[in-house]
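Values in this document were obtained by computation on a predicted structure and should not be read as measured data.
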Amino acid sequence: MEKRPSFWTLAELSELLGGELRGPGDLRICRAAPAHSQDAEGLTFASSEAFLKTAEASGVGAVLVPFSAPPVSKPAIAVENPRETFGRFLAMCHRPLPFEAGIHPKADVSPDADVDPTASVGAFAVIERGAKLGRACRVYPFAYVGEGCVLGAGAVVFPHAVLYQNVRLGDRAIVHAGAILGADGFGYVWDGQRQVKIPQVGGVEIGEDVEIGALTAVDRSTAGDTVVERGVKLDNLVQVGHNSIVGEHTVVAALVGISGSTQIGKRVTLAGQSATSDHVKIGDDVVMGGRTGVTKDVTEPGTYWGLPARPIGETMRIMALQAKLPSLYERLKALEKRVAELEGGD
């Protein structure tokens, strides 16, 4: 496994990032840092005058600035786009989890599993019979890959993630720690005396380049598949109910609940703590604001907010009117009193 350097000099970083050195070239930089940091070995960025003032007032070691920036009191690297360049520096700072190639002797791999020679399986991971691991995929320690699961080329399953049965991961899909794919869908029927469990016998289909956050759950379908299409990004602590379909390149933030049989279109954004009722449809290019409740179909592109979900402008007007309700109520009481007095005078 390739190791990143423990530090860079400012001159080395300037060359690597394609910037212009403005300060001592031998300054040691070890990591990325926020603008307000007191880290003397950290590098931050300033894409605006406000950020630059914050960085200059802090103890951070050096700052990425635009070529057009005036002279600053701190060591700096001038670049075309500080934000984009800082993103490249973050990638340089990234440290993958320690992981050895190949199958660890303490892994439990069924002889009936099909494991590509280039795949890697960590200690105490379990690969059940009928599972198939594709080229260069990685299953980290303590993960569980159940019967009939398929991992595409370059797929990654992090520690303590669980793939029950018949879960298929597309190429380069990532499943973070503690995520559970293929648990029973939430299906019961009342028989007059008790809730009777409906068997959930379907699977889960995860597309290419999907990333599933830590502690997220994608339930298997009653029949057929629960589908998360290619390019979808699910944050931590997301629930995707059985038989749902999440369209391509949709982004789902933390604490979102997607009820069973929901159909979500392409390029949709579901902000934090939003939720859907079961069997609703959301069209392409829709944005749902935080804590929005989708109780019926939303087909037109646009931004929606509130409970129930309405176009954001309409919701904001309703909220503005709600703020006036106390004064309107007092005026109404006064009018009622006045009317009663006038009627009594007659």
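Residue pairs meeting the salt bridge (Lys or Arg N to Asp or Glu O under 4.0 Å) criterion with at least one partner in residues 23-38, sequence neighbours excluded, are R28-E41, R31-D39, R31-E41. Under the ring pair (Phe, Tyr, Trp, His ring centres under 6.0 Å) criterion, the residue pairs touching residues 154-184 are Y140-F158, F142-H160, F158-H176, with sequence neighbours excluded. Residue pairs that meet the ring pair (Phe, Tyr, Trp, His ring centres under 6.0 Å) test with at least one member in residues 253-311, sequence neighbours left out, do not exist here. Residues in residues 23-69 take part in these ring pair (Phe, Tyr, Trp, His ring centres under 6.0 Å) pairs, two or more places apart or across chains: F45-F51, F45-F86. Legend: side-chain hydrogen bond (donor to acceptor under 3.5 Å, both in side chains) pairs involving residues 62-77, not counting sequence neighbours, sorted by first then second residue: E56-S73.
Residues S277 and S259 are not in side-chain contact: their nearest non-hydrogen atoms beyond the backbone lie 4.5 Å or more apart. Between T276 and M288, every side-chain heavy-atom pair lies at or beyond the 4.5 Å cut-off.
If you take CG on L151 and CG on D116, they are separated by 11.5 Å, rounding to the nearest 0.5 Å. Going from atom OG1 of T222 over to atom CZ of F186 covers 12.5 Å, rounded to the nearest 0.5 Å. Distance CG/D171 to CG/L169: 10.0 Å, rounded to 0.5 Å. With rounding to the nearest 0.5 angstrom, the OG1 atom of T299 is 11.0 Å from the CD1 atom of I282. We find the CG-NE2 distance between D278 and H242 to be 7.5 Å, quoted to the nearest 0.5 Å.
D219 and Q239 form a side-chain donor-acceptor contact under 3.5 Å, judged by distance and modelled atom types alone.
A donor-acceptor pair under 3.5 Å links the side-chain atoms of S58 to the main chain of A35, judged by distance alone. Looking only at distances, no side-chain donor or acceptor of S274 sits under 3.5 Å from a matching main-chain atom of G289. At least one donor-acceptor pair closer than 3.5 Å links the side chain of N243 to the backbone N or O of A223.
With sequence neighbours excluded, no residue satisfies salt bridge (charged side-chain N to carboxylate O under 4.0 Å, His left out) with E229.
The 12-atom threshold is exceeded at CD of E330, counting heavy atoms of other residues, nucleotides or ligands nearer than 6.0 Å. Counted within 6.0 Å of CZ on R310, heavy atoms from surrounding residues, nucleotides or ligands total more than 12; the atom is thus considered enclosed.
A271 and V256 get closest at one heavy-atom pair: O-CG2, 3.2 Å. Across I29 and F89, no two heavy atoms sit closer than the pair CG2-CZ, 3.9 Å. Taking all atoms of both residues into account, the shortest heavy-atom contact from T44 to A55 is CG2-CB, 4.2 Å. Here the shortest heavy-atom pairing between A46 and P82 reads O-CG, 3.8 Å. Nearest heavy-atom pair across S14 and L21 is OG-N, 3.3 Å. Looking at every heavy atom in both residues, A179 comes nearest to V175 through CB-CG1, 3.7 Å.
A salt bridge links D184 and R220; the closest N-O separation between the charged side-chain nitrogens and carboxylate oxygens is under 4.0 Å.
Here the rule is side chain to side chain contact (heavy atoms under 4.5 Å, CB included) with L133, and of V157, V121, D114 only V121 fits it.
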